[in-house]
Enquirer: 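The structure is given below, and queries will be raised subsequently.
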Amino acid sequence: MRFAFILGETLSGIRRNLSMVVSVVLVTFISLTFVGAAGLLQLQINQMKGYWYDRVEVAIFLCTGTSTTVSCATGPVSDGQREAVRDLLESPTAAPYVKSYEYESQDQALQIFQEQFKNSAMAGTVTAEQLPESFRVALVDPEQYEVVNELFSSMPGVELVSDQRQLLEQIFSLMNMASVIAVSVAGVMLVCAVLLIATTIRLSAFSRRRETGIMRLVGASKTMIQLPFLLEGVIAALLGAVLASGTSWAIAEFFIGDWLTRQYPGTGFIAGGDALMLVPLLLAVAVVLAAASSLLTLRRYLRV
């Protein structure tokens, strides 16, 4: 009987303030969608780190005619210097750090450059002599880049030892920044949602002030009076959270896990199953914010 009464009062309040309830649902949906987007970005960053760090390479660039480093003072790399680098890569000294390596000639470097920049005007102006030869080295442990750098950077004929992780870290930093921006926007929208919930509860309490007065006179408990209003705010916020959860799952499943995976098959992406990890978080945030906002408003405007 009590449950039916509370449910009836809650539905009655929702009908009376339907436009405000819809506003709460929409604002909560938008704000939690930003939270979900930030969560998806973090999941994707972790996925890409695990994927790319295992495939990271160190590039040992050899001297060209235009190199200005001290190790290139004698001019372009000679056959003997090139073989010295190859011998060190195959030596017992480098064996604990080097998993495998590939040699890339200037002609191969030009071919790769022209493929990567085929839509750029530079593709037709760069010659093979301007690009360095290199050894592409896969490491046993990518964290040991500094050891490999010390082994090869001072060798004659070596212009530069470059770690791909430096480029990846820059990309991940940009993605982290985008995640922070999404969380910041979500925070502003959540504040709006809290204020809307509070306003909705105030209007609902005002419109039912006669009923709550009668309930006080007949000795109804504080919980019995407040619960319908509390549920009204929580239900509206939960509907928004459910919509945000569905949107986050759809983005991860169809955009990231389906379309992006087909566009970039060489990269590891998250999928809809990973996005389900965010659903409890979004629902919990919605319930906590709605309950807290409703209780604070009821204490102030519904004095029971």
Side-chain angles (χ1 to χ4, degrees), residues 21-56 141-143 164-197 230-296:
V21 171
V22 171
S23 299
V24 170
V25 172
L26 291 178
V27 173
T28 306
F29 160 58
I30 294 171
S31 58
L32 290 181
T33 298
F34 277 105
V35 174
L40 291 177
L41 270 174
Q42 288 303 312
L43 289 173
Q44 183 59 49
I45 289 170
N46 293 335
Q47 174 80 5
M48 291 180 72
K49 281 183 177 179
Y51 182 88
W52 284 111
Y53 280 178
D54 288 341
R55 293 162 176 77
V56 71
D141 181 3
E143 298 289 340
Q164 288 182 342
R165 277 189 50 179
Q166 297 174 355
L167 175 60
L168 293 175
E169 289 293 349
Q170 293 176 3
I171 296 173
F172 295 146
S173 295
L174 289 175
M175 294 177 71
N176 280 322
M177 188 179 300
S179 180
V180 170
I181 293 173
V183 170
S184 301
V185 174
V188 174
M189 297 300 295
L190 285 173
V191 171
C192 295
V194 168
L195 295 176
L196 267 176
I197 292 171
L230 178 64
L231 287 177
E232 187 177 329
V234 170
I235 288 173
L238 271 178
L239 287 174
V242 169
L243 290 174
S245 299
T247 301
S248 299
W249 176 85
I251 291 172
E253 179 69 18
F254 300 111
F255 176 68
I256 300 177
D258 186 9
W259 186 77
L260 281 181
T261 299
R262 283 188 278 107
Q263 295 297 316
Y264 304 98
T267 302
F269 290 103
I270 61 173
D274 300 298
L276 294 178
M277 297 167 53
L278 299 173
V279 173
L281 172 64
L282 299 180
L283 296 178
V285 169
V287 171
V288 170
L289 288 180
S293 177
S294 300
L295 287 174
L296 290 174

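Each residue takes its place number in the sequence, starting with 1.
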Enquirer: Kindly write out the residues that satisfy side chain to side chain contact (heavy atoms under 4.5 Å, CB included) with V194, not counting sequence neighbours, or none if the list is empty.
Expert: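 V194 satisfies side chain to side chain contact (heavy atoms under 4.5 Å, CB included) with L289, S293 once adjacent residues are dropped.
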
Enquirer: Got a second to check how far I270's CD1 is from E253's CD, nearest 0.5 Å?
Expert: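 Those atoms lie 10.5 Å apart.
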
Enquirer: How long is the straight-line distance from CE of M48 back to CG of L41, given to the nearest 0.5 Å?
Expert: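 Atom-to-atom, L41:CG and M48:CE are 10.5 Å apart.
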
Enquirer: Where is the tightest heavy-atom contact between F269 and Q47, given as atom of each residue plus distance?
Expert: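 In this case the closest contact between F269 and Q47 is O-NE2, 3.9 Å.
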
Enquirer: Specify the closest pair of heavy atoms between A241 and L283, including all atoms of both residues, with the distance to one decimal.
Expert: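 Smallest heavy-atom distance, with atoms named: CB-CD2, 3.7 Å.
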
Enquirer: Would you name the heavy atoms of V24 and A236 that are closest together and state the gap between them?
Expert: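 That closest heavy-atom pairing would be CG1-CB, 3.7 Å.
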
Enquirer: I'd like to know if the side chain of N46 reaches the main chain of L43, judged simply by a donor and an acceptor atom lying under 3.5 Å from each other, with no hydrogens or angles considered.
Expert: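 Side chain of N46 to backbone of L43: no pair is present.
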
Enquirer: How far does CG of L196 sit from OG1 of T28, to the nearest 0.5 angstrom?
Expert: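 Going from CG on L196 over to OG1 on T28, the span is 8.0 Å.
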
Enquirer: Find the distance between CD1 (I251) and CG (L260) and round it off to the nearest 0.5 Å.
Expert: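 Rounded to the nearest 0.5 Å, the CD1-CG separation comes out at 11.5 Å.
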
Enquirer: What's the shortest heavy-atom distance between A186 and V35, and which atoms?
Expert: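 Closest pair (atom of A186, atom of V35, distance): CB-CG2, 3.4 Å.
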
Enquirer: Does atom CZ of F29 have more than 12 heavy-atom neighbours from other groups under 6.0 Å away?
Expert: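 Yes - once you tally the heavy atoms of other residues, nucleotides and ligands closer than 6.0 Å, there are more than 12.
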
Enquirer: Distance check, rounded to the nearest 0.5 Å: I256 atom CD1 versus Q263 atom CD?
Expert: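 That separation rounds to 14.0 Å.
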
Enquirer: What heavy-atom pair brings A275 and S248 nearest, and what distance separates the two atoms?
Expert: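 Nearest pair, atom of A275 first, then S248: CB-O, 3.9 Å.
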
Enquirer: Would you name the heavy atoms of L32 and A286 that are closest together and state the gap between them?
Expert: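 Nearest heavy atoms, L32 then A286: CD1-CB, 3.9 Å.
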
Enquirer: Working to the nearest 0.5 Å, report the span between CG of L238 and CG of L231.
Expert: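 The distance works out to 10.0 Å.
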
Enquirer: Report the C-alpha distance between V188 and S184 in whole Å, list the side-chain angles of each, state the deciding distance to 0.1 Å, and finish with yes or no for side chain to side chain contact (heavy atoms under 4.5 Å, CB included).
Expert: CA-CA 7 Å; V188 174; S184 301; 6.0 Å; no

